[in-house]
Amino acid sequence: MNNAPPSSSAAFAAFDVSKSDRTDALTVVGLTVTYRIRGRDREVLQDVSFRVRRGEAYGLVGESGCGKSTVAMAAVRYLPRNGKVKAGKIVIAGDDVQKLDADALRHMRANTTSMVYQDPGRALNPSLTIARQVSEAFEAAGIARDEALHRTLDMLKRVRIAAPERVMDSYPHQLSGGMQQRVVIAMALASNPALLILDEPTTGLDATVEAEVLDLVAQLREELGTAVLFISHNLAVIGRMCERVGVLYAGKLVEEGATQDVFTRPRHPYTVGLLRCLPTAGRSKDTERLDTIAGSLPPPGSVTQGCIYADRCRLADDRCRRDAPPPHRLSAAHGDQMSRCHYHERAIELPRATPETLPHHPADACLNGKPSSPVLRAQKLSKTFHVSGAPLVALDDVSIDLARGETLGLVGESGSGKTTLARLMLGLLAPDASSVLELDGAPLAARVTRRSDEQIKSLQIVFQNPDSALNRAHSVKRLIGRALSRLTPLRGAAIDERLGTLTDAVRLPARYLDSRTRQLSGGLKQRVAIARAFAGEPRVVVCDEPTSALDVSVQAAILNLLADLQRERQVSYVFISHDLHVVRYLSDRIAVLYLGRLLEIGPAATVFEGPHHPYTEALLSSAPALNGESRPARIRLSGDLPSAVSPPSGCVFHTRCPRKIGAICEQQPPPFVDAGNDVVHRIRCHIPVEELRTLQAASRETANGDVSGNAGETG
């Protein structure tokens, strides 16, 4: 092991910058970026150095606010007006970005570098057809319009868009989120760039679409030789996609190396903490709490001495607070590994920030023996919309019971009916006439406007998008305080005390209480929304993707909070998420929806271990896994979710099912059969349960026996 001098520029002296200009797609050396905030220049990136080789995928991870997106924006000179590169050098495909004039910069953005953002809906013009928008990317390179349209069709086929001719004539709002993201990727790849920057490209996508997008990026990278800078807080995605990874904290690169080395043997306490936050396979709320990272990111430019992570690190001592650690470089199994930590050799021994043992409450005994009468019951719940005069069945004859103190996880692709079911429970939509809703055995009015104050207080929701639920003009203190005054008898100082308890529970720093939500990041907004939902101590909380916008450290704290509140107060959750690892950790039971139909329901462990419905099997195979975790054979579903206006006959899944057994699947609705195992586990499928068990066991054996980890794909 060789320790580098105390300078990151020196740490990267091992490679020659002039040589890097020729061999790397992206070279960043000593990058320091400042934002002008309230009359002061505050450093948001400090002396950052890394390289992305041609054809390589490099991951950049860290919490929101650590500087990941600022790196991307600086690379293509898209910094906001109050931002500037204070020091350092950025080279893309041999060109020094800071020295390019306006014409050269425009050429680089059009031909050398492309960027895919987190929200494809905001990247597409809602008033232009897909054909017009994608063809513009070709026209910018000087290609004639007719030829540009021809290449647009070819590019849409390349990104595996079904019926590309129809999609070309469509507008963005007529496409699913996954289709929109594929269109944006097609636009980004139109110029065959040397560097593709992906900034959280799969956040908010369901498991199957996420897997398809990641497969697409990997395939196109192999075909075109494009280098990828992949920015994400999803460590499992980075582990699947990237050969090397850099970990950013408060604007500094604190660890870097081969992804397998960093994730298997992390050398910085921050990386160790991030990995421990993940709800990986085999962990559940009933066996252990997730570890968290205490505290929060320091404000930009506030740390001037010592290690920037010292205030949150459980290994820190006086040396750490006095002396900034140099970038130690050491040999690892797959290449050099860098760690900016004085105690990198024992970082893996970092003490837990959160006790692993579960807190005990008087309610625990009641939770373990679930009461027979459900707190919330939905019987034959259906919802039909009318689109252009045609009936659209968004939910069809779904029956679900929710026990006191239970979490029911709802999974399925976008458009499967999860959010519609949640809105029906909350009274935000009125179900069809034959539907029945009950709370504690008493009828629950279809519309929230007809429910009693106690019923309204008993059912609350945390939405996926906090922007749609929070008034951007109000302060955080007012938003939570209003909920407390409306839903509780608290007044005056008691409200302030309860507000402090809530904000501490969701790890919302006190300095944000006077901020408007428009001033907050997406993760901070979601914390405000969660605190507001729990203000009135509800009986049932519907969580609609509540952690999709959160960093893994904050996500772990929120999941621990939800589990603790459940043990303390026997609150019940309907938990909707695309992240199957999160669903598995928090849920007692799982319900699988497809095209508005309930295909499977049962205990979480049983549903995940199998046997399961072929659709559930496909969902589980799509979830990315970290190094060391076994992953089932990837099952590719052909085509997109069918239209609910004209659903398939027989089994609604037969048009995409890789295990379809014949005409019976096309002609007859399958029975809802008991899957056995002495638990209430039911599957709606024509294939006998024992045959499903045998087929799926064989698939797992094939996947486990494949040393490359890529064989055994079906469909």
Side-chain angles (χ1 to χ4, degrees), residues 69 72-73 76 78 80 109-110 114-141 143 145 148-149 151-191 196-206 209-210 212-213 216 385-390 392 394 413-416 419-420 423 429 463-473 517-518 521-522 525 544-545 548-549 578 640-645:
S69 294
M73 294 301 181
V76 293
Y78 271 145
R109 291 171 177 170
S114 292
M115 195 162 180
V116 175
Y117 297 93
Q118 176 176 342
D119 186 355
R122 293 187 179 184
L124 296 171
N125 189 325
S127 65
L128 297 179
T129 65
I130 298 302
R132 186 74 195 98
Q133 296 188 63
V134 180
S135 65
E136 280 183 345
F138 290 105
E139 291 175 34
I143 297 173
R145 174 166 293 189
L149 287 172
R151 294 196 182 188
T152 294
L153 181 61
D154 289 341
M155 183 58 73
L156 292 181
K157 291 178 180 177
R158 172 172 278 184
V159 298
R160 297 207 297 269
I161 285 182
E165 294 86 355
R166 176 184 60 80
V167 170
M168 287 181 67
D169 293 331
S170 302
Y171 290 88
H173 72 273
Q174 297 173 308
L175 305 180
S176 67
M179 292 279 278
Q180 290 179 353
Q181 194 64 289
R182 278 178 265 185
V183 168
V184 172
I185 291 174
M187 294 171 63
L189 293 173
S191 60
L196 177 63
I197 301 175
L198 303 172
D199 192 356
E200 300 281 7
T202 61
T203 299
L205 299 181
D206 55 66
V209 177
E210 176 187 77
E212 289 172 5
V213 169
L216 170 65
F385 297 98
H386 293 276
V387 180
S388 301
L392 186 154
E413 294 170 287
S414 297
S416 63
T419 298
T420 298
R423 290 174 180 268
L429 292 173
F463 291 100
Q464 176 179 357
N465 183 5
D467 282 325
S468 66
L470 301 175
N471 191 320
R472 293 164 56 85
T517 57
R518 64 173 180 267
S521 68
K525 291 175 188 175
D544 190 356
E545 295 280 4
S548 63
H578 294 313
D640 293 313
L641 200 70
S643 171
V645 174

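Since we're looking at a predicted model, the values are computed, not measured.
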**Prompt:** Hey, are the side chains of Arg158 and Asp154 touching, using non-hydrogen atoms and a 4.5 Å cut-off?
**Reply:** no
**Item:** From CD (Gln133) to CG (Leu128), nearest 0.5 Å
**Value:** 5.0 Å
**Item:** Which residues share a salt bridge (Lys or Arg N to Asp or Glu O under 4.0 Å) with Arg166, sequence neighbours left out
**Value:** none
**Asked** Are any of the side-chain heavy atoms of Thr129 and Asp169 separated by less than 4.5 Å?
**Response** no
**Asked** So do Glu200 and Ser69 actually touch side chain to side chain, heavy atoms under 4.5 Å?
**Response** no
**Request:** Apply side chain to side chain contact (heavy atoms under 4.5 Å, CB included) to Arg109 and list each qualifying residue two or more places apart in sequence or on a separate chain.
**Result:** Arg77, Tyr78, Leu105
**Asked** Arg182 versus Leu175: any side-chain heavy-atom pair under 4.5 Å?
**Response** no
**Asked** Is the closest side-chain heavy-atom distance between Val134 and Met168 below 4.5 Å?
**Response** no
**Fill in**
Taken in chain and number order and not counting sequence neighbours, the residues that satisfy side chain to side chain donor-acceptor pair (under 3.5 Å) with Ser191 are none
**Message:** side-chain contact (heavy atoms from CB on, under 4.5 Å) for Thr419 and Glu545? Distances and angles first, verdict last.
**Reply:** CA-CA 10 Å; Thr419 298; Glu545 295 280 4; over 6 Å; no
**Reported CZ-to-CG distance for the pair Arg132 and Leu149, which is rounded to 0.5 angstrom** = 8.0 Å
**Rounded distance (nearest 0.5 Å) linking atom CD1 of Ile161 with atom CG of Leu153** = 10.5 Å
**Complete:** Taken in chain and number order and not counting sequence neighbours, the residues that satisfy side chain to side chain donor-acceptor pair (under 3.5 Å) with Asn471 are none
**Asked** Quick one: does Pro172's side chain get under 4.5 Å of Ile130's, heavy atoms only?
**Response** yes
**Fill in**
With sequence neighbours left out, the residues meeting side chain to side chain contact (heavy atoms under 4.5 Å, CB included) with Ala137 are Ala190
**Message:** Once side chain to side chain contact (heavy atoms under 4.5 Å, CB included) is applied, do any residues pair with Pro80, and if so which ones, sequence neighbours excluded?
**Reply:** Tyr35, Asn82
**Prompt:** Does Arg518 use its side chain to pair, donor to acceptor, with the backbone of Arg472 at less than 3.5 Å?
**Reply:** yes
**Fill in**
Hits for side chain to side chain contact (heavy atoms under 4.5 Å, CB included) against Pro120, two or more places apart or cross-chain, chain-then-number order -> Gln180, Gln181, Val184
**Request:** To the nearest 0.5 angstrom, please state how far the OG1 atom of Thr152 sits from the NZ atom of Lys157.
**Result:** 12.0 Å
**Item:** Least distance between heavy atoms, Met155 atom then Leu189 atom
**Value:** CE-O, 3.6 Å
**Item:** Shortest non-hydrogen separation from Ala394 to Phe385 and the atoms involved
**Value:** CB-CE1, 3.6 Å
**Asked** Quick one: side chain to side chain donor-acceptor pair (under 3.5 Å) partners of Thr517, sequence neighbours excluded?
**Response** none
**Prompt:** How would you list all residue pairs meeting salt bridge (Lys or Arg N to Asp or Glu O under 4.0 Å) that involve residues 121-130, not counting sequence neighbours?
**Reply:** Asp119-Arg122
**Prompt:** Taking only residues two or more places apart in sequence or in another chain, which ones pass salt bridge (Lys or Arg N to Asp or Glu O under 4.0 Å) with Arg145?
**Reply:** Glu139
**Asked** In Å, rounded to the nearest 0.5 Å, how long is the span from CZ of Arg423 to CZ of Phe463?
**Response** 5.5 Å
**Request:** Mind checking the OG-CD1 spacing from Ser135 to Ile143? Nearest 0.5 Å is all I need.
**Result:** 10.5 Å
